[in-house]
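Written below as structure tokens is the structure these notes are about.
Residue numbers run from 1 in the order of the sequence given.
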Amino acid sequence: MKYFWIQLLLIAGSVSMALVFIRTWSQAKNRAWKRIAFSVFVVVNVYAVLRPTDVTWVGRHLGVGRGTDLVLYVMVLAMGFLTLNTFLRFRSLEQKITDLARTVAINEGVRHNDVRLGPPDGPAGPAGAGSSSGAGSSSGADSVKA
């Protein structure tokens with residue numbers, strides 16, 4: 001009963017994190033392994049809050065000494081994982097934004113050229129209809145695409 005209020009607070013925090021995670025459960029960005037890992041984290045967290053002496057026992061058997069040191073080391077590893085995961089996600093998003101910006105720029109350039117110069121003549125167009133080689137229409141189309 002001595003630690004009841006802090007245990008209640010810590011368990012309430014774990015449950016609230018789980019509820020927030022469950023609310024976004026249906027989103028495709030939450031991969032299955034992340035769901036499993038987070039669920040295991042919440043269960044281990046609640047167990048560690050309810051039985052802190054067991055964490056100390058595990059820490060001693062792993063050669064750490066105290067349970068609080070074990071928790072600290074695990075949290076440092078978790079923070080490193082989260083930082084790496086966030087970095088990789090941002091890098092992926094930056095690449096997607098760059099590809100999108102290039103596509104938009106190319107499409108806008110083609111649209112502006114079409115407005116300024118007129119749409120390119122196709123094989124059935126006036127430039128390609130009278131010539132046997134079709135060199136005039138292909139060179140005009142290449143300059144618009146580039």
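- Between Ser14 and Val46, the shortest heavy-atom distance links the atoms CB-CG2, 4.1 Å.
- Nearest heavy-atom pair, Ala48 versus Val55, reported as atom, atom and distance to 0.1 Å: CB-CG2, 3.5 Å.
- Val42 is listed as a side-chain neighbour of Phe38, based on a closest heavy-atom distance under 4.5 Å.
- With respect to the salt-bridge test (charged N to carboxylate O, under 4.0 angstrom), the residues Glu94 and Arg91 do not qualify.
- A continuous path of hydrophobic side-chain contacts links Leu50 to Ile6 [ILVMFWY only; heavy atoms under 4.5 Å].
- One hydrophobic cluster, built from ILVMFWY side chains closer than 4.5 Å, holds both Val15 and Val49.
- Linking ILVMFWY side-chain heavy atoms closer than 4.5 Å, directly or via other members, places Leu10 and Tyr47 in two distinct hydrophobic clusters.
- A continuous path of Ile, Leu, Val, Met, Phe, Trp and Tyr side chains, each step under 4.5 Å between heavy atoms, connects Trp57 with Leu62, placing both in one hydrophobic cluster.
- Taking both residues in full, the closest heavy atoms of Gly65 and Arg60 are given as O-CG, 3.1 Å, listed atom of the first, atom of the second, then distance.
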I'd like a table of donor-acceptor pairs (distance under 3.5 Å, sequence neighbours excluded) in which one partner is a side-chain atom from residues 72-86, with atom names and distances.
residue	atom	partner	partner atom	Å
Thr83	OG1	Met79	O	2.8
Thr86	OG1	Leu82	O	2.8

